[in-house]
Each structure stands twice: as C-alpha cells, then as structure tokens.
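See below for the structure under consideration.
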Amino acid sequence: GYIPSIESRTKQGATKLGIPVDDYRQQIADGNRWCSLCKCWQPVGEFLPHGGRSGGVNTMCTASWRVYMREYMRAKRGYQGHQHALKEAP
C-alpha cells in the first residue's frame, strides 16, 4: 500500500491546522503535538503512547482522552463509573 513520506505528512498536518509548514515543523521540533480534542499544542509527554501512529503517541492529550472516554462510556454503554455490584447473601 501507499505510505506517505514524512514531508507529505508534514504538509498535510500544517494544511489541516491552517498554519505555515515552517511553524508546524518548529512545533514538532520543540517536542509538541497537536491535541485533536482541545485544539492546542501540548508537550509530547502529555500524550499516551500509541505504537500504531507515526508520531508514536495518541491524537488526544491524556486529559482530553479521559474526558472523551468518560463521556463515550456514559453515552454508549450507560457506564456510571467504577461501581461494584454487591451480591446479596442467600
């Protein structure tokens, strides 16, 4: 399959954010990544690792990921938090 070059991915990333390619490159060089949920640059240490992505980290910062997953679980599965069902004694 087609694997885009680093230069191609850099241009795509900059275009998607609406910023010059040089500014995008500088953010990456400074060790920052764009959080797709909170829409801001964050230090790479604020992201969970993701081996399947070219940058090696998730697309959302850890704080945003937690909020996203909490809302997802509540909306899709009726999850209410860490609740343990207590069995009644026979």
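Values below: all heavy atoms of this structure, side chains included; hydrogens, waters and symmetry mates excluded.
Between Arg66 and Glu71 no salt bridge is recorded (no basic side-chain N to carboxylate O distance below 4.0 Å).
Looking at heavy atoms from C-beta onward, Gln42 lies out of side-chain contact with Asn32 at the 4.5 angstrom threshold. Using a 4.5 Å cut-off on side-chain heavy atoms (C-beta onward), Trp34 and Lys39 make contact.
Here the straight-line distance linking atom OG of Ser36 with atom OH of Tyr68 works out to 9.0 Å at 0.5 Å rounding. To the nearest 0.5 angstrom, Asn58 atom CG is 13.0 Å from Glu46 atom CD. Interatomic distance, Thr10 OG1 to Ile28 CD1, rounded to the nearest 0.5 Å: 7.5 Å. Taking CZ from Arg70 and CZ from Arg74, the interatomic distance works out to 6.0 Å, rounded to the nearest 0.5 Å. Put simply, CZ on Phe47 and CZ on Arg33 are 8.0 Å apart, with the number rounded to the nearest 0.5 Å. One distance of note links CG of Leu17 with CD of Gln27; it measures 9.5 Å at 0.5 Å rounding.
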Take Val57 and Leu48, measure what side chain to side chain contact (heavy atoms under 4.5 Å, CB included) needs, and give me the verdict at the end. CA-CA 6 Å; Val57 294; Leu48 293 170; over 6 Å; no
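Note: the hydrophobic cluster containing Leu37 also contains Trp65 (ILVMFWY, side chain heavy atoms under 4.5 Å, direct or indirect links).
Counted by atom type alone, Gln26 and Asp22 present zero donor-acceptor pairs between their side chains at under 3.5 Å.
What you find for Cys61 and Cys35 is that their closest heavy atoms are N-SG, 3.3 Å.
Within a 6.0 Å radius of CZ in Arg53, no more than 12 heavy atoms belonging to other residues, nucleotides or ligands are found.
Taking the six-membered ring for Trp and the full ring otherwise, Tyr24 and Trp41 have centroids separated by under 6.0 Å.
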